[in-house]
Amino acid sequence: MRITCPYCGTRDLREFSYRGAASDLERPDAEAPPEEWHAYLHLRDNPAGVTRDLWYHEMGCASWLVVTRNTVTHEILACDLARDVALKAREAKR
Amino acid sequence: MRIDGAGLINRNKPVTFSFDGRSYQGFEGDTLASALLANGVRLMGRSFKYHRPRGVFTAGSEEPNALMTVGRGAAQTPNVRATVQEIYEGLEARSQNRWPSLSADLLSVNDLLSPFLGAGFYYKTFMWPRSFWEKLYEPVIRRAAGLGALSGAPDTARYDRAYAFCDLLVVGSGPSGLMAALTAARAGADVILCEEDSAFGGRLNSEAEEIDGAPARDWVQAVLAELDSLPNVRLMKRTTVTGAYDQGTYGALQRVALHMADPGDRPLETFWHIAAKACVLAAGALERPIAFPMNDRPGVMMASALRSYLHRFNVAPGKRVAVFGNNDGARQTAEDLRAAGVEVAALVDSRPEAELPVGFNAFKGAQVIHTKGYMGLKSITVSTGSREEVIEADCLAVSGGWNPTLHLTCHMGARPVWDETLAAFLPAEKSVPGMIPAGAAKGIFSTAGCLADGQRAAKEALKALGLKAKASDLPAASDAPYSVAPLWQVPGKGRAWLDFQNDVTVKDVKQAAQENFRSVEHMKRYTTQGMATDQGKNSNVGALAVLADATGRGIPETGTTTFRPPFAPVSIAAMGAGARGKGFAPERFTTSHAANIARGAPMIEAGLWYRPSYFPRPGDAGWQEACNREVGFVRNAVGVCDVSTLGKIDIQGPDAAAFLDFVYCNTFSTLKEGRVRYGLMLREDGHVMDDGTCARLGETHYLMTTTTAAAGQVMKHLEFVSQALRPELDVSFTSVTEHWAQFAVAGPKSRALLDSLLDAPVDESAFPFMGCGAVTVAGVPARLFRISFSGEHAYEIAVPARYGAALYGDLVARAEVLGGGAYGMEALNVLRIEKGFITHAEIHGRTTAFDIGMGRMVSARKDCIGKAASRREGLSGPEREQLVGLRPVLPEGRLPAGAHLFSENRPPTRENSEGYVTSTCFSPSLGHEIALGFLKNGPLRRGEVVKLVDHLRGVETLCTVCDPVFIDPDGGRMRG
Amino acid sequence: MRFSAWQVLKEGLTGNRGWGAHWRDPEPKPAYDVIIIGGGGHGLATAYYLAKEHGITNVAVLEKGYIGGGNVGRNTTIVRANYGLPGNSEFYSHSLKLWEGLEADLNYNVMHSQRGIINLFHSDGARDAAARRGNAMINQGDDAVLLDREGVRAMLPFLDYDNIRFPVYGGLYHARGGTARHDAVAWGFARGADRRGVDLIQNCEVTGIDIEQGRVTGVQTTRGAIKAKKVAMVAAGRSGQVAAMAGMRLPIESHILQAFVTEGLKPCLDTVVTFGMGHFYISQSDKGGLVFGGDLDFYASYAARGNLPQAEHVMEAAMTLMPMIGKARVLRSWGGIMDMSPDGSPIIDTTHIDGLFLNCGWCYGGFKAVPGSGHVTAHLIATGRPHAAATKYRLDRFATGIGLMDEEGTGSQHNLH
Amino acid sequence: MAELIAKTPCAGLLPVRHGGLSLTECAPTAIHHLAAYRGAAQLGVALEKAHGLGWPAPGRSTGAASARALWFGPDQALLLGPMPVAALARHCALTDQSDGWAHVCLSGPGAEEVLARLVPVDLRAGAFPEGAVARTALFHMSALITRTGAESFEIFAFRSMARTLVHDVSEAMKSVVAQRG
């Protein structure tokens, strides 16, 4: 697998490490009800198809990335900086 | 025997090698198989199950029979394909899976028992008595099974791995591959051409073909010369592309020096990762056998293989050769044999309408229905339906048609598609992104067709790459059509083999169907069809056809055959190259390493680092004595220890304080400049991730310390929190672990030591307990932290790493003058256990802040990572096992770590286990063992006597639950 | 037909013409008492024990492909009961006891070979953790022996003791651990279930789960609607998709785990060996292939195939641990889809929908659980109560934090694995 | 009074030479990590003003032998050579890393092929010209690699891993040299 880091270009899988669903960016408020925290921490859509997940360019520029990817074909459709995605989500919330 | 001809062997370079102890001569360019055939050797191996005598069957990596062991001692290599292994001077080959010898193999008795050893027989027996499976049945089966043997000695040869990048990867160098490479290279594409064989050219090396009116090999040489001259082309022969992976990644195995008597510093093999924007799969096709009765005799081989031996190696595999086929390959083979002056015993074509040339003992619409010759073919029986004829022959060439070599197209899960006309599977469309099958690999079997298709495929690839092909003519070549009449099995008396190596016959597949293993996957697994070293390259399609027939379905309805990486087996040494010994992970050394080694300290691994265990002295009774001495240094004088391995993260920015408040469960925004605070970090799941101190060096500047083990994990975590969860915070961090060498100076005389060392004495007001600041040593700027992991008055001093070795030597020398010295990990561990300080033995991933008595550190006034999850009911409360100290009731009592804790009168069972011991040591300060552990509701059970049981080491002892701080509980020494 | 040496002899003498079908291929009936979604090891075992232990035979196992085509047919065949935490301890102990009688029970040779397992450790701290686990095994009534370095050397003389990156300090030896022939386990349970009247329906994909007023009533399939009083979702890596049909989101991520087998070799490894620091485990099959694997590829995937970096990491671990393996050649690699739960332990529970049961979260340890999982799931379906050996596999443990079973200590949250 | 003698990360390990290829330790130089606060624009100006160096684009470097800025990550650079002026700290987190890196030079015919045995990035001149910078893996290690000439590269790896760095590169050098011709 090769992932295109927005900074470093296309790099081999071995430079990256994986975290999981990009829903990790949507951290509930501290006082959110327990169910919301449970869903955030544990429940997953786990789609067989297109998913968005978090990768870390660990052996590279240390950027956290949101990769849009197909879990059945391993096709990669997009790769964005997690920082940008998170900031955009905040803008949208306001 | 060797015949005249202009093959690819060098008759001026004879090569001597041996097989089963006998010396033979071949020529440079020979494979082991061709050289043995040239010497009249037909028996080359034994089958896996029935130990039947077998001869060479193919001329490529798909060989199922002629597997041998090459080399001796640590160089012994099992399961080497004689058809691939090039001979070199002194090569030693041995047959395998036989005892005592290849010609007299006792286990060939299995062959006589074959009626009882059919498909899946072992699932139905060997069940009684139960204990006999491990004791008798299994060991016997295991010894009988297997092919060659590993030497058992470490593989000390060199291997390596490498990366390559290209626009276009061309797999295979037959007419399609060469044409594709040439077309792409001329257009300026960056091309890699991989060829599994030791010579480029594919089938053109093995056929009497002409291109542009000259021998095809001339064209091959001309193309190679041009490719070789281009800077944008990389030619890789002896390189098998083994797998297709995501986003244009390919694995390839290059046999760099396996054909050399003395490889020198060359790796035997290199495993390549090739990142290619496009790929032309021009891997050709594999000829398939026909399952006729007793088709496994030594001397029976594929017709294309026979032509390879004839044309490329100038070897006639027999004196009287018969040919049997269902396509024009049979006729071609007969004609080639005749042209080479070899007697053709019979030409048998199963097609009634076949046009056969005159002058042969030819049979149309006929089949070979039987053979004779246990140790080597003696005769075949041909049936035309109306009559049968026994014909003497010592070699039979068989052609059942061709299967495109489409294996790589299956590696991403695509299934090939059945083509009725070609009676073969073809690659599915877009099976691997960027891969374009061409030529025989996609079912085009004429030379002219392959040349044209190679060019077409290259153009398609160039278009995708945004390059333009230069106009060029196609060379002229034969365009003979391919016609095949499917013939999968010939009925008759006797077994008809499908999978030669695994001894799977037509009967086995039929029996599987009879037992309702009708899915092709079930049939494969039940019969072991296709699971031998060729992975069904020779037999899968035939077996599928037999299954289709047995279940009354067509081939496409029955299923498809699929393939997984690797295309051809890859040695573990090549794919794991560089990892032998210490190469598995980087080694990290502190600046004090050499000094510690010089003092004879055994070094132990701490993550990737090496740290001294203890410092032995002459006359020590053992490590315990050294450890006790070093504990004494710290408790009574001063000890020095390199703590550079702890992670140090420099955190700066206007929002540094807010950031730390979020990642630590306690508060850091309130920490004064020049002060240090202990911090506890949770994972988002509410359990403890790591702990350490964090110093505030300036208003917006902190220095975080992590444990040695978790440094990388914490850094990654901080990056995640900063980039993904708190992107609005303006903070940045960088690891300075490597820049600073840091040493603990601990003990009542630590201050005295530092006063003698530093350019100015330690200022008590600037360095109270948990103070920090800048100092200088011999003019070198340093950092001083008044922190303690031993419970004593202690400091840590950090200097730029270039001075680490010098400072360490100086510190230890000064400590020794003061009655102290260096201390190692053993002493460090004792010191911290005596003080109840935790490490990853306690924060092992399942403990919460509550469990370690730090529940109140989770600040109520702010959010932090892990806070929400830590409030779940299951993460605190009396049911939790919580941190306690343990001391033995009797002074000699042992408290081994890993023991479980029970109420005094309860038997030691799972239901009764109430906790366990995590850390233990002999406390020289107290004169007995002490331990830390976790006990249900522990803090409220102080004073209670509990039973400690270590079944593994036979310890059962009573101990008293106590406070985890064994020494100086109010911390006076540390603060004083 | 009962399988035995005599039967093999008799059939051998009569041309092997008498062997009948291992199982029938029935058409689905309109209704069943119990439908099991998923014809893998766990589903087949559940059906078998429903029939055998509870007399519930009006059961269908629905399999979208062929039975045993999932993880039960693509694993490294290791069978063990060497867990350290309550919940797992009693369950795997229960499962191992079932393994020990499985051949006689099923009349099928699954080649359960108790050749022993050695978990190596590479530091004092790891030894303490192994000791804690070994003591837990003995507390549970299972077997464990703590070997020191020389003890390991006596059993595994070919490991690198001199130059290995992470030296061998010792090993935890579990004599009753071992391997079994994976396909045979699926087939044995399938045959056993079939003989007791269970319908095994292959090529039948469930496309919907029918729920009326909070109660399950049946399923929709590619072969039509089928009614059922009870439905169990036993779909391993595909659990997320199946549960979604019932409107459930699961605490499951599906990940890829690769495994490898070499060409056949004469016997050179008599036990199962695991190398914790290298995430590597290996055994030798009865056919002579070295069967080995490593850690997850570490990305969510349904592709049933992995990538090179993890494959190479596994080979590297092999080379540092046992450099005598270098000239063995990897013949085939494959990937399974692992249903990873947050804490690495399984879920066997009822759901908020009456009559709908859930069995998932086996992570990379499902094979050894097959008999146990089938046995306790059958108990749960038949009685509505968890079996004593599986009381802790609750679905709500993540929400409550009670009884989390994070054996590895890496975290009880997906992204912390 | 103490006396502290400085030791370089690869002291005693280098140089290593095989068949025209050499691996040498670069002369010690000041290395500072610059991580911009909130956007690099002002920092770039300050850097230019203070040290005459442009802010490096991703994967690139600026400057020449005595003073260089190497891209290190988003809004980050390594300043090589000069001691940064204090004013820079107004715009960025400024961290001394001078002692944190093993800093070596690989040069000679086949240097590219040597690195191709260890580094999963295309380092051929077409894709990786002089001055290009990659943060990547060198076998199992994190490394920063920059091309300094047609046949020369500088490699930065963690100081503590110097021995592994030298071992891995030396072995690859041997392999490349042995396969020549």
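So you know, we letter chains A, B, ... as the sequences are listed, proteins then strands, and number each from 1. Small disclaimer: the values here were computed from a predicted structure and weren't measured.
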Engaged part of Pro781(B) at the chain D interface, taking heavy atoms whose separation is under 4.5 Å: neither
Side chain of [X], backbone of [Y]: donor and acceptor closer than 3.5 Å?
X	Y	value
His140(D)	Pro586(B)	no
Arg124(D)	Phe165(B)	yes
Gln652(B)	Tyr37(D)	no
Asp99(D)	Ala801(B)	yes

Less than 4.5 Å apart, any side-chain heavy atom of [X] and any of [Y]?
X	Y	result
Leu4(D)	Val777(B)	yes
Thr8(D)	Arg802(B)	no
Val256(B)	Gln179(D)	yes
Thr591(B)	Lys7(D)	no

Mind listing the closest non-hydrogen atom pair of [X] and [Y] along with its distance?
X	Y	answer
Tyr163(B)	Val119(D)	CD1-O, 3.2 Å
Phe139(D)	Gly578(B)	CE2-O, 3.7 Å
Lys174(D)	Arg158(B)	CB-NH2, 3.6 Å

Cation-pi geometry met for Arg163(D) and Phe589(B) (6.0 Å, 45°): yes
Residues, nucleotides or ligands: over 12 heavy atoms within 6.0 Å of His51(D) NE2: yes
